[in-house]
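To start, the structure itself, in structure tokens.
Both counts, for ligands and for their atoms, begin at 1 and track the order of listing.
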Amino acid sequence: MIKSKLKNIGMSIFAVMTKLANEKNAINLSQGFPDFDISPKLIEFVNHFMKDGKNQYAPMPGVPELRKMVSSKIEKLYNCKYDFESDITITVGATQALYTAISVLINPGDEAIIFEPAYDSYAPSVIVNGGKPIYISLQLPDFSIPWSEVNSAITSKTKLIIINSPHNPTGAVISQDDINELERIVRDRNIFIISDEVYEHIVFDGNKHISISESEILRNKSFVISSFGKTFHTTGWKIGYCAAQKILTEEFRKLHQFIVFAVNTPIQYAYAEFLKDEKNYLDVSSFYQKKRDFFLELIKDSKFKPLHSKGTYFQLLDYSQISDKDDFNFAFELIENIKVAVIPLSPFYSRQNDNKLVRICFAKKDEVLYEASQRMKKL
Ligand code: PMP
Ligand code: GLN
């Protein structure tokens with residue numbers, strides 16, 4: 001008999017909805033992944049490095065060429081230094097980086113502040129390590145962080161605050177004021193930060209991504225996590241990284257080496273090569289802004305009301321003019337009735353929630369977005 005460590009947790013909503021979309025032959029705007037081709041250059045690089053014999057274990061922290069490129073990208077964009085040898089670790093996507101960093105920080109009884117709606121891996125990773133998630137709801141309509149509530153939630157057991165900007169599922173982004181508030185809270189306390197920045201290269205309307213690493217106070221207490229999957233349309237390759245100061249990285253690698261040891265070698269070399277042309281990541285925001293605006297134009301005469309998405313490849317839609325069903329039932333009905341799969345917002349919350357919001361992913365071919373919008377306009 002196994003004593004479950006995650007008693008009340010079922011299959012991830014992303015897996016559930018994609019499976020259902022496939023079974024029902026629906027347009028899948030649910031799980032976040034692009035449906036278009038990736039750069040042929042990147043495929044060429046992977047081929048090249050495979051043929052070149054880069055097929056054995058990579059060094060445990062990652063291929064140095066890639067760590068150097070990540071370190072210089074961070075320095076260029078956020079004006080701060082992470083030593084490629086001691087501070088950068090290549091991981092199996094952001095998911096493993098998040099799990100590893102949470103495991104480093106959380107001991108039984110520790111509390112972790114998680115903002116809701118929250119990406120689905122945070123809380124289970126805290127719970128598996130014996131920690132207690134302390135949930136704080138972001139404030140509608142712009143899903144801002146209620147800092148006075150954060151202040152009141154801090155106890156002697158608080159060990160971790162998880163930040164995610166640009167934010168999945170809402171598309172919200174943090175501001176300099178948020179950074180200032182966070183600095184004030186953690187400065188003199190034994191509290192650490194995990195900053196999930198996987199959508200750092202998908203920020204709209206001329207805004208610049210604010211990384212936690214830009215603040216010296218926060219940098220010294222943070223694991224900053226990103227994923228090449230989002231930036232290079234390669235979610236299936238599952239490679240990401242964690243940047244953290246040496247003493248944090250030392251603990252991170254102690255766990256990393258026994259969770260995965262090392263990550264896919266030829267793909268790491270290929271990403272290192274691909275990162276040499278900065279256009280490959282700097283142009284991603286405008287690419288996705290066009291997709292967002294294209295989709296918004298298509299649905300502007302529908303009864304779905306979009307909330308403002310400032311980043312990520314997600315768009316929240318208010319369906320209250322269409323149905324008073326809860327978001328789960330509404331999403332299941334959509335698949336059945338118009339064969340479009342979306343993600344209900346409730347699974348991103350620990351508590352009952354009835355905001356009448358669903359999330360769509362617009363990282364799809366224009367013709368797919370067009371067809372989905374025609375079906376959605378029928379409602
Ligand atoms: N964090 C957030 C906010 C995400 O949306 C995702 C994408 N699934 C991840 C982490 C995980 O990234 P990866 O696929 O690189 O593990
Ligand atoms: N991040 C993606 C999303 O939010 C999916 C990740 C996953 O399937 N685990 O849809």
Side-chain angles (χ1 to χ4, degrees), residues 9-22 28-35 38 62 66 70 89-102 114-126 138 143 162-174 193-203 209 211-212 223-243 256 259-260 263-264 267-268 271 281 284 288 309-316 331 341-349 357-364:
I9 288 177
M11 206 205 289
S12 153
I13 187 66
F14 309 120
V16 170
M17 293 314 278
T18 284
K19 184 165 179 284
L20 205 56
N22 292 339
N28 189 1
L29 304 185
S30 66
Q31 194 180 22
F33 63 90
D35 71 347
I38 67 165
L66 180 56
V70 168
T89 311
I90 308 300
T91 59
V92 181
T95 309
Q96 183 240 315
L98 286 162
Y99 181 77
T100 307
I102 289 170
I114 295 178
F115 298 107
E116 297 189 304
Y119 185 60
D120 70 345
S121 85
Y122 305 154
S125 304
V126 169
L138 296 171
F143 294 96
I162 302 181
I163 299 285
N164 170 214
S165 176
H167 184 256
N168 179 7
T170 68
V173 296
I174 54 166
I193 296 156
I194 292 178
S195 184
D196 179 344
E197 302 185 12
V198 299
Y199 300 103
E200 64 180 318
H201 298 299
I202 313 180
V203 177
H209 171 62
S211 173
I212 290 291
F223 293 90
V224 178
I225 290 168
S226 193
S227 170
F228 299 110
K230 316 292 169 181
T231 308
F232 298 140
H233 318 309
T234 48
T235 61
W237 292 6
K238 292 296 295 186
I239 299 189
Y241 58 86
C242 175
H256 173 80
I259 296 176
V260 287
V263 176
N264 186 308
I267 295 182
Q268 288 193 63
Y271 279 145
Y281 52 87
V284 181
Y288 276 122
S309 172
K310 297 180 178 169
T312 75
Y313 43 50
F314 300 117
Q315 174 67 60
L316 290 185
V342 302
I343 295 276
L345 213 65
S346 299
F348 293 83
Y349 284 91
L357 293 172
V358 290
R359 186 198 81 177
I360 68 103
C361 169
F362 53 78
K364 305 293 167 193

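With ligand atoms numbered from 1 in the order given, ligand 1 contributes 10 (C), 11 (C), 12 (O), 13 (P), 15 (O), 16 (O) to contacts under 4.0 Å with heavy atoms of A94. Set against the non-hydrogen atoms of K238, the atoms of ligand 1 under 4.0 Å away are 13 (P), 14 (O), 16 (O). For ligand 1, the atoms lying closer than 4.0 Å to a non-hydrogen atom of G93 are 15 (O), 16 (O). For ligand 1, the atoms closer than 4.0 angstrom to any heavy atom of S227 are 13 (P), 15 (O). For ligand 1, the atoms lying closer than 4.0 Å to a non-hydrogen atom of Y199 are 3 (C), 4 (C), 5 (O), 7 (C). Close contacts of ligand 1 with N168, meaning ligand atoms under 4.0 Å from a residue heavy atom, involve 3 (C), 4 (C), 5 (O).
Taking the six-membered ring where tryptophan is involved, the planes of Y281 and H201 are tilted, since the angle between them lies from 30° to 60°. Using cut-offs of 30° and 60° for the angle between ring planes, the Y288 and H233 rings count as perpendicular. Between Y119 and F14, the ring-plane angle classifies as parallel under the 30° and 60° cut-offs.
The heavy atom nearest to atom 1 (N) of ligand 1, out of those in T235, I225, D196, is found in D196.
Between the R359 side chain and the V342 main chain, no donor and acceptor come within less than 3.5 Å of each other. With S227 contributing its side chain and G240 its backbone, the two residues share no donor-acceptor pair below 3.5 Å. For the pair S309 (side chain) and F314 (backbone), a donor-acceptor distance under 3.5 Å is present.
Neither the backbone nor the side chain of H167 has a heavy atom within less than 4.0 Å of ligand 1. In I239, neither the side chain nor the backbone holds a heavy atom less than 4.0 Å from any atom of ligand 1.
When only non-hydrogen protein atoms are considered, atom 7 (C) of ligand 1 lies nearest to K230 NZ, 2.2 Å. If you check which protein heavy atom lies closest to atom 8 (N) of ligand 1, you get Y119 OH, 2.8 Å.
Cation-pi geometry between K364 and F33 is met: the NZ or CZ atom falls under 6.0 Å from the ring centre, inside 45° of the normal.
Closer than 4.0 angstrom to ligand 2 sit non-hydrogen atoms from F14, Q31, G32, Y119, N168, Y199, K230, F314, R359.
By the salt bridge (Lys or Arg N to Asp or Glu O under 4.0 Å) test, E200 pairs with K73, sequence neighbours left out.
Separation of atoms CD1 (I267) and CD1 (I90) is listed at 12.5 Å; rounding is to 0.5 Å.
Side-chain contact between W237 and F232 is absent, with no heavy-atom pair separated by less than 4.5 Å. With contacts defined as side-chain heavy-atom distances shorter than 4.5 Å, the pair I174/I212 qualifies. Looking only at side-chain heavy atoms (C-beta outward), L66 and F228 come within less than 4.5 Å of each other.
At least one N or O atom of T95, backbone or side chain, sits closer than 3.5 Å to an N or O atom of ligand 1.
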